[in-house]
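Step one of this worksheet: look at the structure below.
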Amino acid sequence: MNSPEQIEADRLLSVLFYSPNATAVYRGEDITILSANQAMLNFWGKDRSVIGKGFRAVLPELDDQPFFGILKNVWDSGETFTAKNYPAVLLTEDGPKKFYFDFEYKAMLDEYGKTEYILHTASEVTERQEAMHLVEEKSKSEQKLINDLSALNEEYHAANEDLMLKHEELFTANAELLKIRKELITANHTLAENEKRFKTLVEKSPVAMASLRGETFEVDIVNDMVLQIWNKDRSIIGKPLLEAMPELRDQIFIDILSKVYETGQPYYGKEIKALISNGEEMKEHYLNFAYQPIVDENNNSVSILVVASDVTEQVHARESVIEFKNRLEIAMDASRLGSTEVHLATGKMESTAQFKYNFGYAANEEFNYSDLYDAILPEYREHIRGLVQKAVLTNGVYKAEYPVRWKDGSIHWLEAHGRPRYDKNGVADRMVGMTTEITDKKLEEQRKDDFLSVASHELKTPLTAVKASIQLLNRIKDKPYSQTHIRLIEQSDKGIEKMCMLIDDLLNMSRLGQDQLMLEYKTFNLHEMLSKSCNHVRLEDKHDLILTGNESIEVYADEHRIEQVVVNLVNNAVKYAKESREIHILTESLDDHVKISVQDFGEGISESVIPHLFDRYYRADHLGSSYSGLGLGLYICSEIIRKHSGKIGVHSKIGEGSTFWFTIPAKTGRIIADAALN
């Protein structure tokens, strides 16, 4: 069974085209021929110019035969039609000639149960049918001879009676007996010749054939092809089948042969699995076969004619195609890839459900080429048309990213690939394409671009202030030390401190992205740490930090990182709740974890913003106000808490303020194990 890396779909179709098994594909009520391999074309006596034409137009010699009607019924009903030993009169170089075929019209249904294609597979069995006719003729000949012998025997008795009554007719009766004897010799000779011909027919047959005699199915006649399938030699002749092939004991074939022998009814098997020994192991084969009983004058079975063909390669090839198709569909579904084929002349598209969904259409909605371009934003349409036209002219692949507007008005970005397909005249008649939605990717790129812009601005602002302060200091460096010197130095110090904070955020972000943020665990008193942190807020004396809760809580964590989280949450309260004089810091011991909360009484946060507060690069427009920063602080806090196996969140209501909180596990042995895993 081949994998997708070993054979491509186009190549596989090319291989199947040269398969000896006749195959064709039709579509539509007029039974248009979409595809036919060389074997099927040979049956028809046609060339590849028939592709794309109607069945009746291509094969008018079949008009007075039932095949078109059968195909029409399969298309309308969706029911598969299978036939065995079916006669067909086809045109040959010598004129019309009758052939016999095993064939199937397979209805291929779409997802709604409607016929989408008809798969026609056929194999010629004329020689097999002729062989069966010969067998029937032999049986009839034997029956005729037996009947003749019976009649002659009656005449013989009558002649004896006449002999006793009419001695004078003795010479006449003797002459008659001599004549009968001669006829018997001739009949026996004919019978022997027929048996010899039958044996020759079996042994020289181009298909696998064997004759099994009696109730034990003694191997009577075999040809090389059946020996090849059975993996045996001629030493099995004369042996019962189970003795010759003991591996059949637990398989279905002996039971089928017994039923055929008892009922006199033939059996036809299609793609039946058989396990045949190759001397070392049981090897799996798939067989098409027929068991035809041979009967005597009393209509009792005397032997069974076996005709078989090994279709293992065909079955495996079909399974490989199905497996390849299934894997391709799974891969496309997993990657959310949609595919389509556009008929450039009509604009009709045959698209997968995912392809339609990428443009905002449901799977059952009609979606044509014009709809595709209508969905593309106007400023991108001509560019995409140009890429498609260039691909057609150069037989190349076009690649593009463009936004589309769904019917609900929302904008989505797609990544598209396409390649033209050409007819036998070299004219591009189809375009095969694939799309996948990349809206999230585009949004992420936009967020990164916005972040870089913000980072540049945020770093440039304090740098400009520091530069200006240093320039002024340079101008007055020779003047006596004054308040101006102090103010400029303090201003430079604040600018440098802000730049250090921004750079620290960037470094933390880089470490988080590479999962290199290392934690240094130790045991410390949480209340003492909180009492010493946030001194910059206390010194400014614009806010009162009120610390409440259990003062004896000790935790096993990275003290510096936990303090970094608290400072960040307090700084956010100072930045976004300037009117809140009080900022409360609460510590609680709850079951197996510790909870720290930072509460302000400012304007509060909108519910629509809360789900994004801990996202990377997110900078909220807080109630219409703009604030400086990189949008990394809360994301870094969330990652620090995650590394501690804790949780982080926020409760807020407009007009009442906000409470940011986080939890970390209490001081237990389990925490040490969790820390080791992180």
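These numbers come from the heavy atoms of this one structure, side chains and all, not from hydrogens, waters or symmetry mates.
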Give, for atom [atom1] of [X] and atom [atom2] of [Y], the distance between the pair rounded to the nearest 0.5 Å.
X	Y	atom1	atom2	result
Ser139	Asn299	OG	CG	8.5 Å
Met434	Asn358	CE	CG	10.5 Å
Gln65	Ile70	CD	CD1	10.0 Å
Asp310	Met225	CG	CE	9.0 Å
Lys97	Thr92	NZ	OG1	6.5 Å
Asp423	Ile51	CG	CD1	13.5 Å

Residues which pass side chain to side chain donor-acceptor pair (under 3.5 Å) with Tyr286, listed by chain and number, not counting sequence neighbours: Glu284
Quick check: does any side chain N or O of [X] sit under 3.5 Å from a backbone N or O of [Y], one acting as donor and the other as acceptor?
X	Y	result
Asn42	Gly45	no
Asn223	Met209	yes
Thr352	Ser339	yes
Thr115	Trp75	yes
Arg48	Ala36	yes
Asn425	Val427	no
Tyr261	Ser301	yes
Asn37	Thr23	yes
Asn85	Val125	no

Whether Tyr361 and Phe367 hold their rings parallel, tilted or perpendicular, with breakpoints at 30° and 60°: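 Tyr361 vs Phe367 ring planes: tilted.
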Could you tell me which non-hydrogen atom of [X] sits nearest to which non-hydrogen atom of [Y], and how far apart they are?
X	Y	answer
Glu247	Leu275	CG-O, 3.5 Å
Arg213	Ser303	CA-CB, 3.9 Å
Pro420	Met431	N-SD, 3.4 Å
Val392	Ala428	CG1-CB, 3.6 Å
Ala107	Val74	CB-CG1, 3.9 Å
Trp44	Val50	CZ3-CG2, 4.3 Å

Just by distance, with hydrogens left out, do [X] and [Y] show a side-chain donor and acceptor under 3.5 Å apart?
X	Y	result
Thr216	Glu218	no
Asp233	Ser235	yes
Glu124	Thr126	yes

Take atom [atom1] in [X]; do more than 12 heavy atoms of anything else shown fall under 6.0 Å from it?
X	atom1	answer
Asp250	CG	no
Glu271	CD	yes
Glu116	CD	yes
Gln228	CD	no
Met108	CE	no

Taking the basic N atoms (NZ, or NE/NH1/NH2) and the acidic carboxylate oxygens, is any pair closer than 4.0 Å for [X] and [Y]?
X	Y	answer
Arg128	Asp102	yes
Glu350	Arg27	yes
Asp224	Arg234	yes
Glu366	Lys356	no

Quick one: are [X] and [Y] in side-chain contact, heavy atoms under 4.5 Å?
X	Y	value
Phe253	Ile272	yes
Met132	Tyr100	no
Thr121	Asn21	no
Leu62	Leu90	yes
Leu372	Met349	yes
Phe67	Phe103	yes
Val315	Glu319	yes
Leu71	Phe55	yes

